[in-house]
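As structure tokens, the structure follows; a few thoughts come after it.
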Amino acid sequence: MSENLDPITQAIRLRMPKTHQKEHSTPLYLTSSFTFDEAEAMRAAFADETDDNIYSRFSNPNVDEFIAKMCMLENADAGFATSTGMSAVFSSMMALLQQGDHLLCCSSVFGSTFTVVNKFLPKYGITCTLVPANDVAAWEAAVQPNTKMIYLETPTNPQLEVIDLEWAGQFAKKHNLILNVDNCFATPLLQRPIDYGAHLVVHSATKWIDGQGRVMGGVIVGREDLVKEIYMFCRNTGPALSPFNAWVLSKSLETLDVRLQRHCENALKVAETLETNANVSWVKYPFLPNHPQYEIAKKQMAAGGGILCFEIKGGLEAGRKFLDALEMLSVTANLGDSRSIASHPASTTHSKLTDEQRAAVGITPGLIRISCGLEKVDDIIADINQALEKSAG
């Protein structure tokens, strides 16, 4: 297939070679292992002298197709797909960091990532310094002689802080650090961190890439030598993506562009409407002009994404009442679905953090995160408005 085709077209047309059946859609390769016609072929495969499939924990045609599409979309050399987004995050760190290394991490990250870098990495002798997303002086001051990697999200979850990827790429190059970027919220269709100097990009494919809340998956793409180390780590520790989930995710990439357009349009309209709601203290969305990093977002993102957040007046209790009052929006621990979702981080995803820890990473008591789905936007707005009214006072 011609590489001159637009990436969106390639995401639709790129596929594994057809079998003798001449099927139009890639078949499912639901097999745990693969056979060899002779002992020498098996020996060569285990010696990495060929690319023959051996075992679906190592590679599988459906998984390979999904990886190829993600590498193409992210402009990456190589990749590896994992069973979940968090296994991708953890593997991207553990495969490349060792005892005595130091990690720089954006302080406003997903709750499970926060737990990994603060609770689990230290057990392996890997230290971490959390740095405010856009405090350049703090990033510089946090660099140590043993610092090896910088990990960040942009936009961050759930505060939607936007980090300048051009600056991050220059910072990593200056200090000879591996730049590892979680691109889950933006997807490669809204921004490509590798174009700004990132060495690795991770995704929870469970979110926008699947887009319908069906399957779990993760993916790591980036520089070939780094991905090779990650592949060997994952091959031996086992966080493999199932062939069925890979098949679903690969098919989902065919509709990512049209879905994202609707998600972004809906999110912007909801954000603009909530700015005038008396029960809301503030609204944050990357493409609202009052967003602190609006100019950065416009520079590096094609659109603002499908997530917005706002502060409900009344704090923690009002946040709980708001969720209970919703009639259409789903209350669930996911995002990036065709159905709109609301969550209250202080009482759910970040509830295990202390009040001080939540404050340090920007999780305020009344913070509400909305993942805008594909419903008619007027219906989304109506449900949010009526729930805000019921939770007031």
Side-chain angles (χ1 to χ4, degrees), residues 8 11-12 155 157-158 160 184-187 189-190 204-215 248-249 251-291 294 297-298 301-313 318-345 348 366-392:
I8 292 168
I12 295 169
N157 182 9
L160 296 178
C184 175
F185 269 26
T187 83
L189 296 192
L190 299 188
S204 171
T206 311
K207 309 301 191 298
W208 305 106
I209 291 172
D210 172 29
Q212 295 183 58
R214 300 166 296 187
V215 301
V248 171
L249 294 170
K251 295 297 290 182
S252 297
L253 286 173
E254 296 178 11
T255 61
L256 179 60
D257 175 55
V258 291
R259 288 187 285 109
L260 268 182
Q261 291 180 44
R262 181 69 166 264
H263 286 302
C264 295
E265 290 169 3
N266 281 356
L268 178 58
K269 180 64 176 176
V270 172
E272 289 173 340
T273 302
L274 285 174
E275 284 188 300
T276 61
N277 193 297
N279 297 314
V280 171
S281 298
W282 51 257
V283 184
K284 189 181 282 188
Y285 181 70
F287 268 37
L288 282 181
N290 64 2
H291 188 285
Y294 173 72
K298 295 285 284 189
M301 297 177 68
I307 301 287
L308 64 106
C309 62
F310 62 89
E311 180 75 11
I312 187 171
K313 291 180 180 178
R320 291 196 183 101
K321 287 181 179 178
F322 172 80
L323 294 188
D324 289 341
L326 290 167
E327 296 174 357
M328 184 188 76
L329 269 70
S330 304
V331 178
T332 181
N334 195 23
L335 59 92
D337 200 302
S338 56
R339 295 155 292 188
S340 294
I341 294 168
S343 65
H344 180 225
T348 57
L367 179 67
I368 301 293
R369 185 188 72 187
I370 302 291
S371 172
C372 281
L374 303 179
E375 305 97 343
K376 286 292 186 178
V377 69
D378 289 347
D379 293 330
I380 301 172
I381 291 170
D383 195 32
I384 292 173
N385 281 342
Q386 66 85 22
L388 283 170
E389 210 171 302
K390 289 177 182 175
S391 60

Taking [X] for its side chain and [Y] for its backbone only, find out whether a donor-acceptor pair lies under 3.5 Å.
{"X": "H291", "Y": "K284", "answer": "no"}
{"X": "Y294", "Y": "Y285", "answer": "no"}
{"X": "K321", "Y": "K390", "answer": "no"}
{"X": "N266", "Y": "G373", "answer": "yes"}
{"X": "D383", "Y": "L326", "answer": "no"}

Check your understanding: Does a salt bridge link D337 with R339, judged by any charged N lying under 4.0 Å from a carboxylate O?
Key -> yes

Check your understanding: Below 4.0 angstrom, N of the basic side chain to O of the carboxylate: do E254 and K251 qualify?
Key -> yes

Which heavy atom of [X] sits nearest a heavy atom of [Y], and at what distance?
{"X": "A302", "Y": "L189", "value": "CB-O, 3.9 Å"}
{"X": "S391", "Y": "I312", "value": "OG-CD1, 3.3 Å"}
{"X": "L335", "Y": "I307", "value": "CB-CD1, 4.1 Å"}
{"X": "H344", "Y": "I368", "value": "CD2-CD1, 3.9 Å"}
{"X": "P286", "Y": "A297", "value": "O-CB, 3.6 Å"}

Mind checking side chain to side chain donor-acceptor pair (under 3.5 Å) for [X] and listing every partner two or more places apart, or none if nothing turns up?
{"X": "S343", "value": "R369"}
{"X": "D324", "value": "none"}
{"X": "S252", "value": "R214"}

Practice item. Check step by step if side-chain contact (heavy atoms from CB on, under 4.5 Å) holds for F310 and L388. Key: CA-CA 11 Å; F310 62 89; L388 283 170; 3.8 Å; yes

Practice item. Decide yes or no on side-chain contact (heavy atoms from CB on, under 4.5 Å) for L256 and R259, but give the supporting numbers first. Key: CA-CA 5 Å; L256 179 60; R259 288 187 285 109; 3.8 Å; yes

Between [Y] and [X], is there a side-chain heavy-atom distance shorter than 4.5 Å?
{"X": "M328", "Y": "I380", "value": "yes"}
{"X": "K207", "Y": "S371", "value": "no"}
{"X": "V377", "Y": "E265", "value": "no"}
{"X": "N290", "Y": "W282", "value": "no"}
{"X": "L274", "Y": "I370", "value": "no"}
{"X": "E389", "Y": "N385", "value": "no"}
{"X": "L374", "Y": "H263", "value": "yes"}
{"X": "L288", "Y": "L308", "value": "no"}

Practice item. Begin from the C-alpha positions of K376 and R262 and carry the test side-chain contact (heavy atoms from CB on, under 4.5 Å) through to its verdict. Key: CA-CA 9 Å; K376 286 292 186 178; R262 181 69 166 264; 3.7 Å; yes

